[in-house]
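Following: one structure in structure tokens, then a few remarks.
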Amino acid sequence: MVEPDKSLLEEIGACIAKVKVFHESHNRRIANFIKRSRKGRQGLERLAEFGVPIAEDFQALYWNYNGTNQRSSMSMWAAAVFLDFEWYPWDSIIISTEESFARSDLPVTDRLLAFRGDQGLDLDTAPFLASEGATPLVVSIAPLSEKTFIAFDSTIAFLRSVCGAQDAGIIWFEEDKASYKLDEFWDVAKEFNTRAEYWPLMLQDKLDWEEIEYDEDDLTIEPAVARIISKALKGGPD
């Protein structure tokens, strides 16, 4: 795999350093798990085997890092890194991608699970919406909805937005849970995200999720998926 552009790696490294300092300044435990790790590169190589296109800025994010692989009893909100989203390690992304291949009732996805929020929201990269080399991050509440909305123009736009919000002092923590006002965040983020539709729709209260009805009793896990999950749970720490 070709190394991402040096200037891109430097900017992303600077963003992650800023995020780490931000959490340290608020005495948050998650700061201890924001550290460099080449295991992310192994994950990128594995993802490439699926034939899924991976944007360069997404590659650069994992080139020198492996998310926050805390593997502890830390709550989801305590593990939040970007706003109120967890930063998944590469093996979690691999698992979600392999599930899509293993389950006979699901199409092969070209979305890679990247971040998960504390209210069940996912941010996924969406290669099929790529424009001028930028792959957006879309927000969804899958599997409860088939709809997705562009939340950030790209991974680097996401990081710039998070760092901008930190610099603006509009993120605070209540009992370890990240909080921010949507309008204040969008005032910062819109500079970096000309295609984003999620935040404006949220502010206008016009977000239509088109929820899917399903019977929880009918949900089953395919044997191949069960094996993947079992293998992951037996894995060791970073």
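For the single chain, residues carry numbers from 1 onward in sequence order.
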Evaluation steps, side-chain contact (heavy atoms from CB on, under 4.5 Å), between I16 and L61
CA-CA 9 Å; I16 300 305; L61 177 60; 3.9 Å; yes

Residue list, side-chain hydrogen bond (donor to acceptor under 3.5 Å, both in side chains) with R46, at least two apart or on another chain
E49, E98

With N32 via side-chain hydrogen bond (donor to acceptor under 3.5 Å, both in side chains) - residues at least two apart:
none

For F192, all residues meeting ring pair (Phe, Tyr, Trp, His ring centres under 6.0 Å), sequence neighbours excluded
none

Between OG1 on residue T135 and CD1 on residue I156, distance to nearest 0.5 Å
13.0 Å

Euclidean distance, S179 OG relative to K177 NZ, rounded to 0.5 Å:
6.5 Å

Summary of salt bridge (charged side-chain N to carboxylate O under 4.0 Å, His left out) pairs that have at least one residue in residues 189-204, sequence neighbours excluded:
D187-K190

Please list all pairs passing the salt bridge (charged side-chain N to carboxylate O under 4.0 Å, His left out) test where one or both residues lie in residues 13-23, with sequence neighbours left out.
K18-D167, K20-E24

Checking side chain to side chain contact (heavy atoms under 4.5 Å, CB included) between Q166 and each of V21, I171, L83, which is the one that passes?
I171

Working note: D124 + T148, criterion side-chain hydrogen bond (donor to acceptor under 3.5 Å, both in side chains); need CA distance, chi angles, decisive distance, verdict.
CA-CA 9 Å; D124 308 329; T148 58; over 6 Å; no

Go through the structure and list residues passing side-chain hydrogen bond (donor to acceptor under 3.5 Å, both in side chains) with S25, not counting sequence neighbours.
none

Could you check V138 against Y198 for side-chain contact (heavy atoms from CB on, under 4.5 Å), going step by step and ending with a plain yes or no?
CA-CA 8 Å; V138 296; Y198 171 72; over 6 Å; no

Residues S161 and V188: closest non-hydrogen pair is O-CG1, 4.2 Å

Restricting to salt bridge (charged side-chain N to carboxylate O under 4.0 Å, His left out), what partner residues turn up for E11, sequence neighbours left out?
R160

Considering residues at least two apart in sequence or located in another chain, which fulfil the ring pair (Phe, Tyr, Trp, His ring centres under 6.0 Å) criterion with F149?
W209

Sequence-distant partners of F152, ring pair (Phe, Tyr, Trp, His ring centres under 6.0 Å), two or more places apart
F158, W199

So how far is it from E45 CD to W90 CH2, rounded to the nearest 0.5 Å?
9.5 Å

Of all heavy-atom pairs between A196 and W186, which one has the smallest distance, and what is that distance?
CB-CH2, 3.7 Å

side-chain contact (heavy atoms from CB on, under 4.5 Å) evaluation trace for N69 with N66
CA-CA 7 Å; N69 200 359; N66 184 33; 3.9 Å; yes

Can you list everything that forms a ring pair (Phe, Tyr, Trp, His ring centres under 6.0 Å) with F85? Sequence neighbours excluded, please.
none

Working to the nearest 0.5 angstrom, can you tell me the gap between L44 CG and K39 NZ?
14.5 Å

Taking the six-membered ring for Trp, are F82 and F115 parallel (under 30°), tilted (30 to 60°) or perpendicular (over 60°)?
perpendicular

Under 3.5 Å, side chain of T68 to main-chain N/O of W87, donor-acceptor pair present?
yes

What's the spacing between I150 CD1 and N193 CG if we round to 0.5 Å?
9.5 Å

Could you pull out the closest heavy-atom pair between A151 and L123, with the gap in Å?
CB-CD2, 3.7 Å

Taking only residues two or more places apart in sequence, or in another chain, which ones meet R28 in a salt bridge (charged side-chain N to carboxylate O under 4.0 Å, His left out)?
D176

Mark yes when over 12 heavy atoms from residues, nucleotides or ligands other than Q204 sit less than 6.0 Å from its CD; otherwise mark no.
yes

Going by heavy atoms in the side chains, are C15 and V162 under 4.5 Å from each other?
no

Are V19 and F58 joined in one hydrophobic group, where the rule is that I, L, V, M, F, W and Y side chains link up if heavy atoms are under 4.5 Å apart?
yes

Distance in Å, L137 CG paired with T125 OG1, rounded so as to fall on 0.5 Å steps
7.0 Å

Going by side-chain hydrogen bond (donor to acceptor under 3.5 Å, both in side chains), name the residues that satisfy it together with E174, two or more places apart in sequence or in a different chain.
W172

Looking at D5 and E56, what are the two nearest heavy atoms and their distance?
N-OE2, 2.9 Å

Under a single-linkage definition using a 4.5 Å side-chain heavy-atom cutoff for Ile, Leu, Val, Met, Phe, Trp and Tyr, are F185 and F173 assigned to the same hydrophobic cluster?
yes

For the student: nearest non-hydrogen atoms of I54 and Q59, plus distance:
O-NE2, 3.0 Å

Minimum-distance pair of heavy atoms, taken over all atoms of A80 and I30
O-CG2, 3.7 Å

Does W63 CH2 have over 12 foreign heavy atoms under 6.0 Å away?
yes

Kindly indicate, with the supporting measurements, whether the criterion side-chain contact (heavy atoms from CB on, under 4.5 Å) is fulfilled by R116 and M76.
CA-CA 9 Å; R116 182 171 177 81; M76 188 174 288; 3.9 Å; yes

Please assess N64 against R41 for the test side-chain hydrogen bond (donor to acceptor under 3.5 Å, both in side chains), listing each intermediate value before the final yes or no.
CA-CA 7 Å; N64 292 319; R41 300 182 195 182; 2.6 Å; yes

Determine whether a donor-acceptor pair (N or O, by modelled atom type, separation under 3.5 Å) exists between the side chain of D153 and the backbone of P136.
no

